[in-house]
Every structure is written in structure tokens, then in C-alpha cells.
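Okay, so here's the structure we're looking at.
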Amino acid sequence: MPFTTPPVVYILHGDDDLAIDAFLSQLTSKLGDPATAGMNTTRLESKALSLSGLRSACLTAPFLARRRLVIVEGFLSGFSSRKTKPPSDGEESSDPPVQGKEILKQLLEFLPEIPASTALVLLEKKPLPPTHPALRWAGENPALAYVKQFLPPKGSALPAWILRRAQAEGGEFTPQAAQMLASVVGDDPRLLSQEILKLLTHAGFARAVTPEDIAVLTPESVLTGIFDMVDAIGGRDGSRALRLLRKTVDQGNVGGVFAMVVRQFRLLLLSREALDSGIPAARLASALNVHPFVAQKLALQARNFNLSSLEQAFRRLRDIDESVKSGRIELDAAMETLVAELAS
């Protein structure tokens, strides 16, 4: 970071939440030992965010440290529909009852008042549009703000990312193994990291992971099972699709299977859009940055769905993810319900 004086505002956004977490760890490590860092780190919930509470956190002096860290996640992407936090019983609200855009305006007006002893991190685990007011403000105030977008690895960049990730974990992959893992698992950073750590542990962190290790340990059968399950859904064979889902879940963890199902339907949606726009099936691999074998399967499967049904399926997967994270439903039951719906 080319700053003689550290910035007071960090805007971190993008889909690669692993890289975001690593960046946050670097910031936290600069606060001192873990105990000191813990006393000087404040996380605020964006859903209940009040400007008075944010001001108080940012204006508080650090304790036994040069700086303190204030982290707010999800505020910038949801400001347009958010109202201020309602006051508790018997408490007067210090924030006026204004809509989210006005809150954002007041936040941006406050940012220059943050002292150099505070680092405010505005964190978004999805990309912000270039026209977002916070990004415009950061561009106008380069001495105060640092912006970094974290994009997950895609296509041909995946093997190099796997090699770097393995090295960061204290191990090593051969280039051939990195290519093979990318082809089998795909571009989900968390699922890739899970497989990388499992393979490095298998190798004892004493040698490079090889393609033979991947053939033994990585659930390629899970990927095959998902392809077969989607074939059954496309053929409207609900009972077979459910059997394949249960078998696939038995072969791998349900969270990993769900991530791969999400990836598959995202790729199907992109494939359907590409085919509908006139891109020939032979060019699908380069258009989507996927392995040619995967592109061939996608081209065949996409013909079993129209664009509307794939968009609906992807929305349902997103809703399931949000419901599971909030504890409203169990993932395995939700997946079975979804597969039954799609195949009906």
C-alpha cells in the first residue's frame, strides 16, 4: 500500500471472501499481539447500524496501540432500502428517521472526520458497481481511502491460484496437479481451499501433491454425480434425480455438494445465454473459461432447459443459501425439495 500515512477508510469488496479475510488478517496483525488487537477491533452489524454508534466507535482512542480497527460488513451494498436503527424503549434516537441514501450521504460527510488513529473497514463480499457513491468518494479522497476489489480466480487463472494457495498453506502442488484440481472442482474458492488443505495433509506437507493424489482423494465422482443428477432433472425424472442427489451427498459433505450444484446451474445459465446469443457449442469452453469436457456436457444439458427455468433455479439456490445461513432450514432437506421441484 503506497501510503506514507495509512488511510483511515478501507473499502474492500468482491466475491473472493477468502482473499478478503486474508487482507483483514493482515490489517489486524498490525495492531499488535492478539490480545491487544482484540481490544482494539470493533465489528458493527450493518442491519442495526446507527450513525451515532459508528461515530462513537470511530472516534474512540485506541488502547495500548497506535490504531484501532472498526469493521462494518454489508452496509454499502444495502443502503438504498435501509432505515436507521429504531431506538430502544425509553431511549431517544440520535439519528433522524431518514432513508438509506441519506444515511450514506451522512456517512460520507463523516468519513473525513475520522482520526488517523482509526481504520474504518467497509467490507462487501460482493462487487460494488463503479458508480457507487462510496467508490466515487474514495476516488476524490485518495489520501484518506484505500479501495481494493477481490475477484475470485476464473478459468485459466485457477491453476496459478491453487499453486499460490498451496504455498501459503505451507505446501506445494505440481503444475499438473493444480490443473487437474481446477478441472475437477471448478472456481469456488472455499471448496478449492478445502480440497487443497486435504491434499496437502495427505502429502504430509513434505512433498508436492501430484495428480495421483487427486485421483485418490478428490471426489471426482461427486462432480460426475452432479452431472448425472442434472441430466435426470432435465429429463424430468424426479425419482432418479433424488437418488443421485442422496448418493452424491453421501460421497461428499453436503456443503461442498451444494456449492458444486450452485456452480453447475450458474454455468448452465451462462451456457444457455451464450447459446441463445448465437455462440456455437464448440466455442463454449473459451467463452465460459471451463474445461472442454465440462463445456461439452454443459452444451448438452443446457438444451434441456429454457432460460427462464434456469434463472428461476438459480434464484431458488440463492434463497436456499440465505435461508440456511440464517438457520431457517436444513441444507440437505432444502436441496431435496429443490431437486423435486425442478424435475416436476
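- No hydrogens or angles considered: a donor-acceptor pair under 3.5 Å links the side chains of S239 and D237.
- Side-chain atoms of S29 come within 3.5 Å of backbone atoms of Q26 as a donor-acceptor pair (strictly under, hydrogens ignored).
- At a threshold of 4.5 Å between side-chain heavy atoms, the hydrophobic network of Ile, Leu, Val, Met, Phe, Trp and Tyr places L59 and V72 in one connected group.
- Not counting sequence neighbours, F305 has no partner by the ring pair (Phe, Tyr, Trp, His ring centres under 6.0 Å) test.
- Every residue was checked against the salt bridge (charged side-chain N to carboxylate O under 4.0 Å, His left out) condition with E45, not counting sequence neighbours, and none meets it.
- Formation of a donor-acceptor pair under 3.5 Å by the S323 side chain with backbone atoms of R328 is not found in this model.
- Between the side chain of N40 and the backbone N or O of T36 there is at least one donor-acceptor pair closer than 3.5 Å.
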Can you give the donor-acceptor pairs under 3.5 Å from side chains of residues 113-122 to other protein atoms, not counting sequence neighbours?
from : atom 1 : to  : atom 2 : distance (Å)
T118 : OG1    : C58 : O      : 2.7

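- Under the 3.5 Å distance criterion, the side-chain polar atoms of R68 are matched with a main-chain donor or acceptor of A57.
- Using a distance-only test at 3.5 Å, with no hydrogens or angles considered, no donor-acceptor pair links the side chain of R207 to the main chain of G204.
- Taking 4.0 Å as the cut-off between side-chain N and carboxylate O, R315 and D319 do not count as a salt-bridged pair.
- Residue L64 is found in a hydrophobic cluster whose other members, listed by chain and number, are M39, F63; membership requires side-chain heavy atoms under 4.5 Å apart, directly or through intermediates.
- For the atom pair CG of L44 and CG of L54, the computed distance is 6.0 Å after rounding to the nearest 0.5 Å.
- In this structure, R303 contributes its side chain and A299 its backbone to a donor-acceptor pair below 3.5 Å.
- Relative ring orientation between F23 and F150 is described as perpendicular, the plane-to-plane angle rising above 60° on a 0-90° scale split at 30° and 60°.
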Which atom pairs, donor and acceptor, lie under 3.5 Å between side-chain atoms of residues 268-278 and protein residues at least two apart or in another chain?
from : atom 1 : to   : atom 2 : distance (Å)
S271 : OG     : L267 : O      : 2.7
R272 : NE     : D276 : OD1    : 3.0
R272 : NH1    : A302 : O      : 2.9
R272 : NH2    : D276 : OD1    : 2.8
S277 : OG     : E273 : O      : 3.3
S277 : OG     : A274 : O      : 2.7

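- Residue pairs meeting the salt bridge (charged side-chain N to carboxylate O under 4.0 Å, His left out) criterion with at least one partner in residues 114-136, sequence neighbours excluded, are D21-K125.
- Between the side chain of N141 and the backbone N or O of L144, no donor-acceptor pair lies under 3.5 Å.
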